[in-house]
Amino acid sequence: MPFSLGPEARSGSRRGLPVEIVDACLRGRGGGSPTAVVHGLPAPAAERRRIPGQVGTSHAVFLRQEGHEGGLPVVSLRFATTAGDLPACGHGTVAALAVLAERAGGRPYRAVLRVAGSTFTGRAERDRNTAPLPR
C-alpha cells in the first residue's frame, strides 16, 4: 500500500509523545487516509481517544517496541478513534509500517506485529520509482 509521511512530526500528547501523520493507502500520488502514528502507548483510554482529534486525523495507531523475536523487531499496535479503541485498522497498520521502515533507514523492513491478541509479520519497502520521503 502506498503512503507518504507528513512533512513534520507533531506533538499531540500531554505526555509529549512524538506523533507523525502518515497518508496511508494513497491512490496514485493523492488521497490516502491521514493517520496519526504515536510512539509509545498512552495507558489511559481517554488520551488515546483525544489524540486523533487534536492532530486532525480520524484515527491513530500507537506503537510499543517489545524487543526482538526470530531476528525481527517486535512491535505492539493499538488503534483508536475519538469514539474509542478499535480491534484492528488497515490504514493504521500501513501507517505504522511506513514510520517503522522510514526510521530503519528506508530499506526493506520486516517486523513481528502484535495486534489484539494476534501476531503476524508485517513488511514495508519503498517504491524504487519514487523520491525519498521528506523528513
Side-chain angles (χ1 to χ4, degrees):
M1 292 279 171
F3 59 86
S4 69
L5 296 179
E8 59 194 42
R10 302 175 209 171
S11 179
S13 166
R14 281 188 290 248
R15 296 179 184 193
L17 296 171
V19 176
E20 296 178 69
I21 307 301
V22 176
D23 291 324
C25 305
L26 297 175
R27 291 187 177 105
R29 289 286 212 189
S33 178
T35 303
V37 180
V38 182
H39 301 276
L41 182 62
E47 186 161 351
R48 288 194 304 274
R49 289 191 309 266
R50 185 181 57 75
I51 289 174
Q54 184 176 345
V55 299
T57 65
S58 63
H59 53 285
V61 57
F62 299 86
L63 314 178
R64 184 177 63 215
Q65 302 281 341
E66 294 189 345
H68 286 79
E69 184 177 298
L72 298 175
V74 176
V75 182
S76 285
L77 306 180
R78 192 155 182 181
F79 310 99
T81 69
T82 56
D85 287 345
L86 300 171
C89 177
H91 291 130
T93 302
V94 168
L97 283 166
V99 168
L100 292 166
E102 199 62 22
R103 287 185 167 218
R107 60 189 176 277
Y109 179 81
R110 289 180 30 166
V112 175
L113 302 179
R114 294 198 173 133
V115 177
S118 296
T119 300
F120 55 94
T121 301
R123 65 180 183 87
E125 186 171 343
R126 177 176 291 152
D127 182 344
R128 290 174 186 25
N129 297 317
T130 61
L133 299 172
R135 293 220 178 240

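If you read the sequence from its start, that first residue is 1, and numbering goes on from there. What you are looking at is a predicted structure, and each value in this text was computed from that prediction instead of being measured.
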Problem - Partners meeting side-chain contact (heavy atoms from CB on, under 4.5 Å) with T121 (sequence neighbours left out) - result: L72, R110
Handout entry: Hphob cluster co-occupancy, Y109 + V61, side-chain heavy atoms under 4.5 angstrom
Key = yes
Practice task
Treat each ILVMFWY residue as a node, draw an edge where side-chain heavy atoms are under 4.5 Å apart, and state whether V75 and V112 are in one component.
Solution key: no
Problem - Pairwise distance CD(E125) to CG(L97) - rounded to 0.5 angstrom - result: 12.5 Å
Handout entry: H39 side chain reached by Q65 side chain, heavy atoms, under 4.5 Å
Key = no
Completion exercise
Heavy-atom closest pair (P52 atom, A80 atom, distance to 0.1 Å) is CG-O, 3.8 Å
Practice task
Could you tell me which residues satisfy side-chain contact (heavy atoms from CB on, under 4.5 Å) with R114, sequence neighbours excluded, listed by chain and number?
Solution key: E66, E69, V74, S76, T119
Handout entry: Heavy-atom closest pair, residues T82 and G53
Key = CG2-N, 3.7 Å
Practice task
Could you state whether V22 and V115 fall into the same hydrophobic cluster, counting links through intermediate Ile, Leu, Val, Met, Phe, Trp or Tyr residues with side-chain heavy atoms under 4.5 angstrom apart?
Solution key: yes
Exercise for the section: Using the rule that two of Ile, Leu, Val, Met, Phe, Trp, Tyr join whenever any of their side-chain heavy atoms come within less than 4.5 Å, decide whether L113 and L63 are in one cluster. Expected result: yes
Practice task
Please examine the side chains of T35 and H59, heavy atoms only from C-beta on, and report whether any two atoms are closer than 4.5 Å.
Solution key: yes
Problem - For L86, side-chain contact (heavy atoms from CB on, under 4.5 Å) partners two or more places apart - result: F79, T81, C89
